[in-house]
Enquirer: 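I'd like to ask you about the structure that follows.
Position 1 is the first residue of the sequence, and the numbers go up from there.
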Amino acid sequence: MKLKRLKGFQWNIQQSVSQGETIPEIVFEEVKKVMPDFGVITKYSKDAKNRYDFEKAVEGLNYNTYCTNAPIGQYDVLIFVSKEFESGKIMEYVWNDNNCFPNYLEVLIRGAGFELTVVGTRIRVICNGKIEQDRKFRIAQMENLNKRLKRIDTPCVVLGDFNAREKWMATYITADDYHLCKPNGNTFNFNNFSVVLDHAVVKGVKAKVHASWSFVETLPKIYKEGPFSSSSNIPTPYPDHAQLFCDVLIAE
């Protein structure tokens, strides 16, 4: 059996949807450096001042770009796919304050002898101190995510910020034949400890996942503690999550 190797990439870039900030140059420079076959950017804002310039620059690297159309004040998801492959947007959830859908975008990739569905997602949180309300909100989003994943009939790679650790993920990813890939490092730093919040969930492919904080070396004034910089000390709109790399093997 012949296998095709693909390089996937995911990054939460910490855009502030309420302030109309610009996408910092480091995001484009890292995409240019990494040059994955497909990438997912979460906490993306289509209302960023330089949104169209950013996407045009990414497309200039030989990618097609796809973005959700979230309501004002809600985060978007951006997926970009190498023009080496045929690709197209399949669906998105339109989320708002009155429903329990995650940030979600689904794109189908077709190559020579294979099809792969790429999903970019982010589980939303309620930051009002009501822990039980937030827990139920996240579980409801996972239920909607699982319902959709069950309907995907191709091999699939789901990349995103799930705002949850591995044990929680293992419990609430219930769609048939999907499994959680274990990364080799943390993806988010609190003041006193580090956790994995960004994950890859796959079906029908083999995958290896690793997290990287190497980008912090380019901006020492922003990331004063290097890869141990705490999220509370990283100013928006600079990314406060690690990059997640997902190496995929798919049968052709």
Side-chain angles (χ1 to χ4, degrees), residues 5-17 21-46 48-68 75-85 87 103 105 107 109 118 120-122 157-161 181 183-189 194 196-200 207-231 233-248:
R5 176 173 240 161
L6 299 171
K7 180 162 67 172
F9 172 81
Q10 181 265 331
W11 201 8
N12 178 326
I13 64 169
Q14 200 194 185
Q15 288 287 285
S16 178
V17 294
E21 294 162 333
T22 60
I23 302 166
E25 185 178 356
I26 188 175
V27 178
F28 172 75
E29 292 300 326
E30 287 296 308
V31 170
K32 184 178 179 180
K33 182 189 299 182
V34 174
M35 292 297 291
D37 293 299
F38 60 89
V40 171
I41 296 179
T42 54
K43 258 196 174 180
Y44 184 77
S45 174
K46 69 178 183 306
K49 295 176 182 177
N50 62 339
R51 175 259 178 117
Y52 290 109
D53 290 337
F54 173 76
E55 291 176 21
K56 184 177 180 180
V58 171
E59 290 165 0
L61 297 175
N62 203 38
Y63 290 105
N64 289 314
T65 61
Y66 307 94
C67 186
T68 54
Y75 290 113
D76 282 281
V77 176
L78 180 78
I79 292 179
F80 56 97
V81 180
S82 171
K83 290 182 179 178
E84 175 186 348
F85 311 108
S87 61
N103 301 162
L105 180 61
V107 170
I109 299 175
V118 173
T121 192
R122 174 181 170 270
V157 174
V158 185
L159 297 173
D161 173 11
C181 300
N184 70 336
N186 70 79
T187 67
F188 189 74
N189 295 314
S194 301
V196 179
L197 298 181
D198 301 78
H199 301 278
K208 289 185 177 181
V209 179
H210 70 276
S212 173
W213 290 96
S214 63
F215 65 93
V216 304
E217 299 171 2
T218 64
L219 292 174
K221 292 183 179 180
I222 298 296
Y223 303 99
K224 297 178 180 179
E225 298 177 86
F228 299 100
S229 298
S230 297
S231 60
N233 295 325
I234 300 172
T236 56
Y238 291 94
D240 61 350
H241 284 232
Q243 299 168 348
L244 197 69
F245 292 88
C246 184
D247 293 321
V248 175

Enquirer: Let me confirm one number: the NZ-CG distance from Lys43 to Asp76, rounded to the nearest 0.5 Å.
Expert: 13.0 Å
Enquirer: Just checking, is any N or O donor in the side chain of Asn189 or Ser230 under 3.5 Å from an acceptor N or O on the other one?
Expert: no
Enquirer: What heavy-atom pair brings Phe80 and Val40 nearest, and what distance separates the two atoms?
Expert: CE2-N, 4.3 Å
Enquirer: Kindly compute the distance separating CD (Glu25) from CD1 (Ile23), expressed to the nearest 0.5 Å.
Expert: 12.5 Å
Enquirer: Supply the atom-to-atom distance Lys46 NZ to Phe54 CZ, rounded to the nearest 0.5 angstrom.
Expert: 15.5 Å
Enquirer: Going by the angle between their ring planes, with limits at 30° and 60°, are His241 and Phe188 parallel, tilted or perpendicular?
Expert: tilted
Enquirer: Report the distance from atom CG of Asn103 to atom OG1 of Thr121, rounding to the nearest 0.5 Å.
Expert: 6.5 Å
Enquirer: With a 6.0 Å cut-off on ring centres, are Tyr223 and Trp213 close enough?
Expert: no
Enquirer: For a quick test of reading the model, state the closest non-hydrogen atom pair linking Gln15 to Thr22 and the distance between them.
Expert: NE2-O, 3.6 Å
Enquirer: Looking at Glu30 and Gln243, what are the two nearest heavy atoms and their distance?
Expert: OE1-NE2, 3.0 Å
Enquirer: Val81 and Val118: side-chain contact (heavy atoms from CB on, under 4.5 Å), yes or no, with the steps?
Expert: CA-CA 9 Å; Val81 180; Val118 173; 5.9 Å; no
Enquirer: If you compare all heavy atoms of Pro239 against all heavy atoms of Ile234, which two are closest, and at what distance to 0.1 Å?
Expert: O-CG2, 3.8 Å
Enquirer: Return yes if a side-chain donor-acceptor contact under 3.5 Å exists between Glu29 and Thr218, otherwise no.
Expert: no
Enquirer: Counting only heavy atoms from other residues, nucleotides and ligands, does the tally under 6.0 Å from NZ of Lys83 exceed 12?
Expert: yes
Enquirer: I'd like to know if the side chain of Tyr44 reaches the main chain of Ile79, judged simply by a donor and an acceptor atom lying under 3.5 Å from each other, with no hydrogens or angles considered.
Expert: no
Enquirer: So does Phe28 have more than 12 non-hydrogen atoms from other groups sitting under 6.0 Å from CZ?
Expert: yes
Enquirer: What pair of heavy atoms forms the shortest contact from Ile109 to Phe85, and how long is it?
Expert: CG2-CB, 3.6 Å
